[in-house]
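Position 1 is the first residue of the sequence; numbering continues from there. Just so you know, ligand 1 is whichever comes first in the structure, and atom 1 is the first atom listed for that ligand.
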Amino acid sequence: MGLIVQKFGGSSVADAESIKRVAKRIVETRKAGHEVVVAVSAMGDTTDELLDLAHRVTLLPAPRELDMLLTAGERISMALLAMAIRSMGHDARSFTGSQAGMITDAQHGAARIVDVTPGRIREALDEGAIAIVAGFQGFSRDTRDITTLGRGGSDTTAVALAAALDADVCEIYTDVDGIFTSDPRMVPRARFIPRITSEEMLELAAAGAKVLHIRAVEYARRHGVTLHVRSSFNNKQGTIVYNPAGPGLDAKGAPVEEPVIAGVATDLGEAKITVVGVRDEPGKAAGIFTTVAGTGANIDMIVQNVSAASTGLTDISFTLPKSSAQTVLNALRAEGYTDLQHDDQIGKLSLVGAGMRTNAGVSAELFRALADAGINIEMISTSEIRISVVTRADSIKAAVTAVHTAFGLDAETEAVVYAGTGR
Ligand code: ADP
Ligand code: ASP
Ligand code: MG
């Protein structure tokens with residue numbers, strides 16, 4: 001007998017029928033003799049609908065109240081799921097994040113977990129019950145307020161519970177069969193990946209593959225939690241995200257021949273800001289990015305052009321989440337930067353693979369594939385195991401399709417997307 005944490009995403013609990021289907025699945029795990037803790041997301045697109053509602057009431061909802069509103073979504077699904085399980089003759093109890101001991105800092109909308117004290121969950125398990133925990137939410141001891149972990153954060157709730165309860169495995173149930181070489185909604189011929197290292201998954205998640213919340217992957221890596229990403233619509237084995245014992249070794253310490261490319265991710269959630277006509281002298285970049293940092297925005301890529309000799313002026317461009325762009329533009333204007341350009345029609349494509357370390361020529365091959373598809377590259381950035389390029393947003397689908405084919409990643413058959421709107 002083991003302890004299993006199971007997380008069900010919004011598309012897996014979108015309506016009453018789906019909730020009953022998921023309840024059956026949880027009961028089967030319990031019947032097999034395991035202790036079961038479940039982290040559940042809000043039903044379907046509930047979180048987006050609540051956000052839309054808030055923005056219809058006010059342009060700038062107060063962060064504390066927004067968290068109060070959004071956490072209601074997970075309260076609905078947790079209670080319904082517990083009811084469904086009880087109606088099947090098994091004891092189940094639902095808990096809010098706060099009741100489950102998810103202690104966070106006070107940063108509304110992006111709270112970080114500082115402690116997990118799952119006393120009530122342990123008690124419920126000891127009494128033979130199934131514990132259902134509302135995902136994505138916590139409680140700040142400092143402010144005594146309810147917080148949320150950021151969009152997609154239920155994955156992180158599940159991993160944090162798995163670590164705190166020393167679970168045998170953390171299963172992430174979703175609307176696709178696991179992790180693929182690209183988003184199957186974008187690239188139907190995306191290929192299923194049976195096993196992926198946490199290092200590669202981190203880069204894919206950071207590059208926009210929202211199948212896993214990046215902080216869930218980080219947390220799992222740090223606490224040695226094995227993740228199993230699989231479909232809630234069938235019983236197929238999904239993808240194992242594992243932490244190899246060392247570079248080039250698998251979990252058992254055996255050498256592995258890694259494929260050069262693990263996958264291609266896309267991100268349509270970023271915008272580009274250009275500060276035009278900056279004097280090319282020491283301290284200018286520091287000034288701009290101190291102002292930007294003051295807003296709390298996460299900057300992704302930065303490009304500075306060579307200055308024109310005649311004017312001594314240069315342009316500095318950077319990318320950031322679309323949702324932070326207005327705040328950053330306002331902050332820069334307030335500091336006297338008046339010549340600003342804002343472009344929210346960009347898309348980012350990233351090629352990720354640990355095998356890139358030892359393979360020269362991957363960038364050349366990537367740029368060639370994009371050139372052959374007639375796609376212009378506007379910005380480039382690299383890490384040890386990733387190359388990212390910025391293109392026009394409307395060419396991103398053509399770009400990812402071309403690159404996926406060029407690197408030999410296409411599968412024989414099309415991947416299945418079982419549910420969800422991809423919102
Ligand atoms: P959930 O509601 O279960 O949390 P998400 O919508 O957050 O589900 O994540 C699942 C979705 O992630 C899939 O439907 C798919 O469109 C998307 N996705 C993006 N990149 C990948 C990838 N590399 N492999 C699998 N799915 C991906
Ligand atoms: N319901 C939240 C969201 O839509 C959390 C989650 O689903 O992981 O972002
Ligand atoms: Mg998700």
Min heavy-atom dist G73 to ligand 2 below 4.0 Å
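G73: no contact with ligand 2 (<4.0 Å).
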
Less than 4.0 Å is my threshold; does some heavy atom of G10 fall inside it relative to ligand 2?
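No; G10 lies far enough from ligand 2 that no heavy-atom distance drops under 4.0 Å.
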
Between the side chain of [X] and the main-chain N/O of [Y], is any donor-acceptor distance below 3.5 Å?
{"X": "S324", "Y": "A297", "result": "no"}
{"X": "S383", "Y": "R386", "result": "yes"}
{"X": "R151", "Y": "T47", "result": "no"}
{"X": "E203", "Y": "G353", "result": "no"}

Any carboxylate oxygen within less than 4.0 angstrom of a Lys/Arg side-chain nitrogen, looking at E35 and R122?
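Yes.
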
Check ion pair D52-R56 (N to O, under 4.0 angstrom):
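Looking at D52 and R56, the cut-off is not met.
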
Close side-chain approach of Q345 to R392, heavy-atom, < 4.5 Å:
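The answer is yes; the side chains approach within 4.5 Å.
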
When you measure from [atom] to every protein heavy atom, which one gives the shortest distance, and what is it?
{"atom": "atom 25 (C) of ligand 1", "value": "G178 O, 3.3 Å"}
{"atom": "atom 6 (C) of ligand 2", "value": "S154 OG, 3.3 Å"}
{"atom": "atom 7 (O) of ligand 1", "value": "K210 O, 3.5 Å"}
{"atom": "atom 7 (O) of ligand 2", "value": "S41 OG, 3.1 Å"}
{"atom": "atom 14 (O) of ligand 1", "value": "D175 OD1, 2.7 Å"}
{"atom": "atom 27 (C) of ligand 1", "value": "V211 CB, 3.6 Å"}
{"atom": "atom 9 (O) of ligand 2", "value": "R151 NE, 2.7 Å"}
{"atom": "atom 23 (N) of ligand 1", "value": "F180 O, 3.0 Å"}
{"atom": "atom 3 (O) of ligand 1", "value": "T174 OG1, 2.7 Å"}

If I apply the N/O under 3.5 Å rule, does I179 come out as touching ligand 1?
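Not met; the criterion fails.
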
Please determine if D183 has a nitrogen or oxygen closer than 3.5 Å to a nitrogen or oxygen of ligand 1.
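Min N/O separation from ligand 1 is below 3.5 Å for D183.
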
Determine whether any heavy atom of S182 lies closer than 4.0 Å to an atom of ligand 1.
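Distance cut 4.0 Å: S182 passes for ligand 1.
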
Within-shell test, G10 vs ligand 1, heavy atom, strictly < 4.0 Å:
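For ligand 1, residue contact (heavy atoms, under 4.0 Å) with G10 is present.
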
Does R185 have more than 12 heavy atoms from other residues, nucleotides or ligands lying within 6.0 Å of its CZ?
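For R185, atom CZ is crowded (more than 12 foreign heavy atoms under 6.0 Å).
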
Take atom NZ in K24; do more than 12 heavy atoms of anything else shown fall under 6.0 Å from it?
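Not more than 12 within 6.0 Å, no.
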
Suppose I only count heavy atoms of P184 and a 4.0 Å limit; which atoms of ligand 1 are within that range?
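Those atoms are 25 (C), 26 (N), 27 (C).
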
Can you list the ligand 1 atoms lying under 4.0 Å from a non-hydrogen atom of A209?
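Listed by number with element, the hits are 20 (N).
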
Do the rings of F192 and F180 sit parallel, tilted or perpendicular, given the 30° and 60° boundaries?
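F192 vs F180 ring planes: perpendicular.
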
What orientation do F318 and F289 show, parallel under 30°, tilted 30 to 60°, or perpendicular over 60°?
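F318 vs F289 ring planes: perpendicular.
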
Carefully, step by step, assess K20 and E17 under the rule salt bridge (Lys or Arg N to Asp or Glu O under 4.0 Å).
CA-CA 5 Å; K20 288 199 254 180; E17 276 319 303; 3.5 Å; yes

For [X], is at least one N or O under 3.5 Å away from an N or O on ligand 2?
{"X": "D155", "answer": "no"}
{"X": "T47", "answer": "yes"}
{"X": "F136", "answer": "no"}

Counting only heavy atoms closer than 4.0 Å, does ligand 1 sit against the backbone of K7, its side chain, both, or neither?
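It is the side chain that gets close, since no backbone atom is under 4.0 Å.
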
For ligand 1, which part of A265 has a heavy atom less than 4.0 Å away: the side chain, the backbone, both, or neither?
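None of A265 does.
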
Identified ring pair (Phe, Tyr, Trp, His ring centres under 6.0 Å) counterpart of Y173 within the set F8, F233, Y418
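So, applying the ring pair (Phe, Tyr, Trp, His ring centres under 6.0 Å) to Y173 and each of F8, F233, Y418, only F8 qualifies.
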
To the nearest 0.5 angstrom, please state how far the CD1 atom of I261 sits from the CD1 atom of I385.
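That separation rounds to 10.0 Å.
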
From K210, E74, H213 - option closest to atom 2 (C) of ligand 2 by heavy atom:
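It is E74 that holds the nearest heavy atom.
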
In ligand 2, which numbered atoms sit nearer than 4.0 Å to a non-hydrogen atom of G153?
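Answer for ligand 2: 5 (C), 8 (O).
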
